[in-house]
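Working notes, beginning with the structure itself.
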Amino acid sequence: MPTALRRRLLLQSAAFTVAGVCLPTAWAAGKIKPGERAALIVVDVQNCFVPGGTLPVAQGDEVVPVINRIATAFENVVVTQDWHTQGHASFASSHAGKKPFETAKLSYGPQVLWPDHCVQGTDDAALHKDLKVPQAQVILRKGFHQHVDSYSAFEEADRKTSTGLAGYLKQRGIRAVFVTGLATDFCVAWTALDARRLGFETYVVEDACRAIDLNGSLAAAWKNMAAKGVKRIQSSDIEVA
Ligand code: VGL
Ligand code: ZN
């Protein structure tokens with residue numbers, strides 16, 4: 001890792017100002033070494049979001065080998081699945097006269113409308129067949145309330161309903177999360193921002209994510225994440241045995 005990046009991460013991280021054995025991350029040969037208090041979050045690596053799926057993210061399948069490689073460095077892994085009902089409120093087809101990628105006003109505010117995608121129990125909603133995270137402890141499904149979307153793995157789009165993930169991670173003593181998957185500017189960014197807000201040391205592994213990039217959403221997401229203290233790293237910054 002370049003010295004400047006390392007210095008910036010050190011400055012950003014309160015974890016390095018105290019000595020102790022239970023830090024969520026440590027350093028080895030200039031790389032970040034996730035410890036027992038760190039978790040990898042694999043967001044929505046599902047058939048729907050890779051080429052051939054219903055809401056394909058360009059090069060979405062390229063995250064799979066990157067995630068498989070870094071996952072070996074993690075004792076704790078959480079996998080998420082976007083898991084919508086048929087006729088879900090986030091689908092353009094549920095709103096007369098609306099087309100995918102337009103916006104509608106729902107009870108909790110503006111909502112981007114998507115093609116029908118990730119319907120519960122379909123092959124489209126299944127995890128990518130090549131994803132290899134056998135040690136994953138939780139598969140967290142989200143977006144299952146008919147009238148509320150959930151980009152974040154922590155909190156639904158009404159910004160009231162919790163998924164329970166923060167409680168789970170906190171009760172297990174997890175203090176740092178490394179977010180990967182699809183899509184950088186939607187479910188990854190919302191998950192990372194919520195993780196940070198809820199008190200986790202939060203990293204987004206850029207090359208383990210791919211973006212939708214709708215009307216500048218990718219640049220906006222990175223700007224927002226930087227402003228909130230989410231750390232942007234590459235998979236090569238992580239020590240993998
Ligand atoms: C996502 C749009 C709609 C995502 C999910 O996983 O980023 N994006 N549903
Ligand atoms: Zn969705």
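The first residue in the sequence is number 1, and the count goes up from there. Read the numbers this way: they start at 1 and go in the same order the structure lists the ligands and their atoms.
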Under 4.5 Å between any side-chain heavy atoms of [X] and [Y], yes or no?
{"X": "Arg172", "Y": "Gln137", "value": "yes"}
{"X": "Glu62", "Y": "Arg210", "value": "yes"}
{"X": "Val177", "Y": "Tyr203", "value": "no"}
{"X": "Leu131", "Y": "Asn68", "value": "yes"}
{"X": "Glu206", "Y": "Trp222", "value": "yes"}
{"X": "Phe178", "Y": "Ile233", "value": "yes"}
{"X": "Leu198", "Y": "Lys170", "value": "yes"}

Ligand 1 N/O within reach of [X] N/O, cut-off under 3.5 Å:
{"X": "Val188", "answer": "no"}
{"X": "Asp149", "answer": "no"}
{"X": "His117", "answer": "yes"}
{"X": "Lys142", "answer": "no"}
{"X": "Ile212", "answer": "no"}
{"X": "Phe49", "answer": "no"}

Which atoms of ligand 1 sit under 4.0 Å from any heavy atom of [X]?
{"X": "Asp82", "value": "5 (C), 9 (N)"}
{"X": "Trp114", "value": "2 (C), 3 (C)"}
{"X": "Asp44", "value": "4 (C), 6 (O)"}
{"X": "Cys187", "value": "1 (C), 4 (C), 5 (C), 6 (O), 7 (O)"}

Within less than 2.8 Å of the Zn ion (ligand 2), any N, O or S from [X]?
{"X": "Asp82", "result": "yes"}
{"X": "His88", "result": "no"}
{"X": "His117", "result": "yes"}

Quiz item: Can we call the ring centroids of Phe91 and His117 under 6.0 Å apart?
Solution: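 Centroid distance Phe91-His117: below 6.0 Å, so yes.
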Quiz item: Between Phe49 and His128, is the ring centre distance below 6.0 Å?
Solution: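 Aromatic pair excluded; centres sit 6.0 Å or further apart.
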Quiz item: Quick one: does ligand 1 sit under 4.0 Å from the side chain of Leu182, the backbone, both or neither, non-hydrogen atoms only?
Solution: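 The answer is the backbone of Leu182.
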